[in-house]
2 protein chains.
Amino acid sequence: MSNVKVLPLLEPDVVAACCPPLNERPMSAEEAEVAAKMFKALGDPVRLRLFSAVASHEGGEACVCDISDVGVSQPTVSHHLKKLKEAGLLSSERRGTWVYYRVEPSVLAAMGALLAGPAKTV
Amino acid sequence: MSNVKVLPLLEPDVVAACCPPLNERPMSAEEAEVAAKMFKALGDPVRLRLFSAVASHEGGEACVCDISDVGVSQPTVSHHLKKLKEAGLLSSERRGTWVYYRVEPSVLAAMGALLAGPAKTV
DNA sequence: GCAAGCCATAGACAAACTTCGAAACACCAG
DNA sequence: CTGGTGTTTCGAAGTTTGTCTATGGCTTGC
């Protein structure tokens with residue numbers, strides 16, 4: 001099987017399909033491995049702010065120059081954006097001088113469903 | 001009660017109120033600090049499995065002995081459960097010989113709302 | 001071609017994290 | 001009180017992570 005990727009990118013497909021609701025049944029080790037990467041990506045305050053800045057921008061995308069004001073150096077911003085991309089949460093596209101980052105809606109939905117879970121008949 | 005906490009526990013109140021939807025507006029540094037702790041807590045495969053095991057158990061609570069089968073030593077399980085508790089995601093209660101961990105429903109709902117966000121009219 | 005601006009990469013270092021075995025603590029049954 | 005079981009705490013590797021400075025690559029404008 002060719003599940004050995006040359007790039008450590010989590011693709012939207014994998015992410016969207018990884019996640020049964022948390023309170024549906026105990027997660028398997030493999031599912032937890034995939035899902036934990038997404039949570040870990042959002043587990044840093046700087047990354048969370050960057051992600052929120054992109055997600056709340058017009059059309060769900062933003063130029064790096066628009067969101068670099070989070071209190072850390074520019075290379076650090078770039079480093080965190082790369083991590084978010086590797087986790088499958090963001091995608092980037094160069095458009096002339098600037099690079100635009102965009103959220104992956106399906107990933108957001110998958111994570112939301114993971115947490116919201118089924119009707120909690122407790 | 002003293003308003004100065006000796007324990008670094010995040011209380012459900014704080015957690016539930018911390019989170020405007022990610023794509024509503026850019027997160028402030030303080031909001032990101034609180035929310036990132038929760039995401040980081042779920043950003044480890046072992047913790048995610050433990051949390052899922054508790055959440056999917058009868059009534060949303062489980063004894064440690066029921067969920068210790070995640071492939072790491074038992075002290076490590078205890079360590080991770082403590083982390084989840086410090087992040088405000090779980091609460092524990094001793095009931096005779098065993099210790100039961102329970103999910104905080106309001107926290108789950110808050111994180112779900114954070115990710116699901118408002119209607120995405122993109 | 002050359003300078004300037006935006007973004008990414010490389011290398012380095014301190015801090016935090018995960019994990020373990022050993023020991024300590026808490027509770028129940030005789 | 002004593003022994004046994006379940007859980008937490010302690011101290012210590014080894015690894016990962018977050019941040020910086022310095023440098024390189026790419027695109028635009030003159």
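Note on naming: letters A, B, ... go to the chains in the order of the sequence lines (proteins, then strands), and numbering restarts at 1 for each one.
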Quick one: does any side-chain atom of A/Arg94 pair with a main-chain N or O of A/Gly96 as donor and acceptor, under 3.5 Å? yes
I'd like to know if the side chain of A/Ser56 and the backbone of B/Leu22 have a donor-acceptor N/O pair within less than 3.5 Å.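 Not a single qualifying donor-acceptor pair exists.
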Any side-chain N or O of B/Lys40 less than 4.0 Å from the OP1 or OP2 oxygen of C/dC17?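 For C/dC17, OP1 or OP2 has a side-chain N or O of B/Lys40 closer than 4.0 Å.
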Does the side chain of B/Lys83 get closer than 4.0 angstrom to OP1 or OP2 of C/dT18 through an N or O atom?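 Checking C/dT18 against B/Lys83, a side-chain N or O does come within under 4.0 Å of OP1 or OP2.
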Take the protein atom OH of B/Tyr100 and the nucleotide atom P of C/dC27, then report the distance between them rounded to whole Å.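 Nearest whole value for this atom pair: 15 Å.
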With a 4.0 angstrom cut-off to heavy atoms of chain A, pull out the first and last contacting nucleotide of DNA chain D, in 5'-to-3' order.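 In short, chain A contacts DNA chain D from D/dT17 to D/dT28.
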Pairwise distance [atom1]([X]) to [atom2]([Y]) - rounded to 0.5 angstrom:
X	Y	atom1	atom2	answer
A/His79	A/Arg47	NE2	CZ	6.5 Å
B/Met38	A/Leu48	CE	CG	8.5 Å
A/Lys83	A/Asp44	NZ	CG	8.5 Å
A/Leu50	A/Thr76	CG	OG1	10.5 Å
A/Lys37	A/Glu86	NZ	CD	9.5 Å

Check whether [X] and [Y] end up in the same hydrophobic cluster, where Ile, Leu, Val, Met, Phe, Trp and Tyr are linked by side-chain heavy atoms less than 4.5 Å apart.
X	Y	result
B/Leu89	B/Tyr100	no
A/Leu84	A/Val72	yes
A/Trp98	A/Val103	no

When we call it a touch if two heavy atoms are under 4.0 Å apart, what does A/Ser73 touch: a base, just sugar-phosphate, or nothing? base
Taking only N/O atoms, report every protein-nucleotides 8-12 of chain C pair under 3.5 Å with atom names and distance.
{"from": "C/dA8", "atom 1": "OP1", "to": "A/Tyr101", "atom 2": "OH", "distance (Å)": "2.7"}
{"from": "C/dA8", "atom 1": "OP2", "to": "A/Ser78", "atom 2": "OG", "distance (Å)": "2.8"}
{"from": "C/dA8", "atom 1": "O5'", "to": "A/Ser78", "atom 2": "OG", "distance (Å)": "3.4"}

So for atom CD, which belongs to A/Glu93, do other residues, nucleotides or ligands contribute more than 12 heavy atoms lying within a distance under 6.0 Å? yes
Which parts of residues 45-57 of chain B get close to DNA chain C, meaning a heavy atom less than 4.0 angstrom away? B/Val46, B/Arg47
If each of B/Trp98 and A/Gly71 is mapped to the nucleotide of DNA chain D with the nearest heavy atom, which maps nearer the 5' terminus, i.e. the 5' end?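 The 5'-side residue here is B/Trp98.
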